[in-house]
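Here the structure is laid out as structure tokens; the discussion comes afterwards.
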Amino acid sequence: MSSVPVAVVTGGNKGIGFAIVRALCKQFPGDVYLTARDAGRGQEAVAKLQQEGLRALFHQLDIDDPKSIRALRDFLKEKYGGLNVLVNNAGIAFKVHDTAPFAVQAEVTLKTNFFGTRNVCTELLPLMKPYGRVVNVSSMVSSSALGGCSQELQQKFRSDTITEEELVQLMNKFVEDTKKGVHDKEGWPNTAYGVSKIGVTVLSRIQARLLNEKRKGDHILLNACCPGWVRTDMAGPKATKSPDEGAETPVYLALLPSDADAPHGQFVSDKTVRPW
Ligand code: NAP
């Protein structure tokens, strides 16, 4: 078994994830895994970094596929006995002009951004080694979408005692409400992406709380963040940040020094803790 520290980035073949891998290759003292759902696109990205003189390793990971997640888990367990850094970056967004019905957009978006990210966490968080760092890439849109929720929902999403099961129930309810055409009446905002990222931010708060309760002595720090508005296939060419600039906050959180005890359980953008 290797004692080399190991970092994993999801959705690493392009955009912000690729830039996070690039930065970690330069700064993380260990093996950096670029993961991608498509092995061809992933290997191509690894080769591109190699041309820059950087060494990333590849492992397949489709966060929508529980089998794929378990295969990565088993690989990490066997080869490294755990994991030091996990960046949950993979995500999707329908384009503004997409004509797919809202209920379809809700189901598909929540499936990857919330449920896929949660499934990765369920399998990989138990592998986190002491002083491990976990970064869940959310979005400022989670904050604005929270503001668009009913008072009752806002209270639930801001609660310091909400459980993971309760959060999962709420995310499922959103999808069901869109199918019944009652999401508006039920207090949800009109953004599937926004609700999925509310899920990611609240999940991060819950997971940090659980780490405090169950693994306090292990000094693991886990946060949600927004990379900013970044020029990628998702956000388009008009966005203000380059992918490398977008990677800065996630990488800062992934490389928090071993004597840091904060931030933890926070929502961070531009390396600054934001109110939730
Ligand atoms: P992007 O260029 O579209 O890249 C998304 C990445 O996620 C791709 O590598 C994609 O792989 C991967 N992915 C999607 N579904 C996946 C799955 N089921 N399993 C594994 N990988 C999957 O988007 P981006 O702008 O870099 O976004 C990265 C993250 O930042 C996302 O979570 C996004 O919500 C968040 N974010 C972005 C912005 C922004 O302005 N760009 C702002 C706030 C937050 P494929 O190539 O195979 O599709």
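Sequential numbering from 1 along the given sequence is applied to the chain's residues. As the structure lists them, so they are numbered: ligands from 1, and atoms in each ligand from 1.
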Mind checking whether F174 and F114 have ring centres under 6.0 Å apart? no

N or O contact, A36 vs ligand 1, cut-off under 3.5 Å: no

Do S196 and T109 have side-chain N/O donor and acceptor atoms under 3.5 Å apart? no

Okay, side chain of S68, backbone of D62: is any donor-acceptor separation there less than 3.5 Å? yes

Sub-4.0 Å heavy-atom approach of S138 to ligand 1: yes

Check the angle between the aromatic planes of H219 and Y131 and answer parallel, tilted or perpendicular using the 30° and 60° thresholds. parallel

Backbone of N88 reached by a side-chain donor or acceptor of N136 within 3.5 Å: no

Distance to 0.1 Å, residue and atom name: give those for the protein heavy atom nearest to atom 30 (O) of ligand 1. V137 CG1, 3.4 Å

Please state which protein non-hydrogen atom is closest to atom 12 (C) of ligand 1 and give its distance, to 0.1 Å? G11 CA, 3.7 Å

Could you check whether any side-chain N or O of K197 sits under 3.5 Å from a backbone N or O of V137, counting only pairs where one atom can act as donor and the other as acceptor? yes

Specify the protein heavy atom at minimum distance from atom 40 (O) of ligand 1: its residue, its atom name, and the distance to 0.1 Å. V230 N, 2.8 Å

Nearest non-hydrogen atom to atom 20 (C) of ligand 1 belongs to which of L61, T232, D65? L61

min-distance protein heavy atom vs atom 19 (N) of ligand 1 -> I63 N, 3.0 Å

Determine yes or no for a side-chain-to-main-chain donor-acceptor pair under 3.5 angstrom, with R231 supplying the side chain and A239 the backbone. yes

Using atom types as modelled and distance alone, determine if a side-chain donor or acceptor of H59 lies under 3.5 Å from a backbone N or O of T35. no

D38, portion touching ligand 1 at heavy-atom distance under 4.0 Å: neither

Counting distance only, does the side-chain N/O of R133 pair as donor-acceptor with the main-chain N or O of L253 below 3.5 Å? no

Counting non-hydrogen protein atoms only, what is the nearest one to atom 32 (O) of ligand 1? Give residue, atom name and distance. N89 O, 2.7 Å

For W229, the ligand 1 atoms with a heavy-atom partner under 4.0 Å come out as 40 (O)

Protein heavy-atom partner closest to atom 10 (C) of ligand 1 - residue, atom, separation in Å: N13 OD1, 4.2 Å

Short question: side chain of T178, backbone of H183 - any donor-acceptor pair under 3.5 Å? no

At the 4.0 Å heavy-atom cut-off, does F18 count as touching ligand 1? no

Can you pull out the closest protein heavy atom to atom 18 (N) of ligand 1? Residue, atom name and distance to 0.1 Å, please. D62 OD1, 2.9 Å

Only heavy atoms count here, so choose which of C226, G228, S139, A235 is nearest to atom 42 (C) of ligand 1. G228

Residue-ligand contact P227/ligand 1, heavy atom below 4.0 Å: yes

Nearest protein heavy atom with distance in Å, relative to atom 22 (C) of ligand 1: A90 CB, 3.6 Å

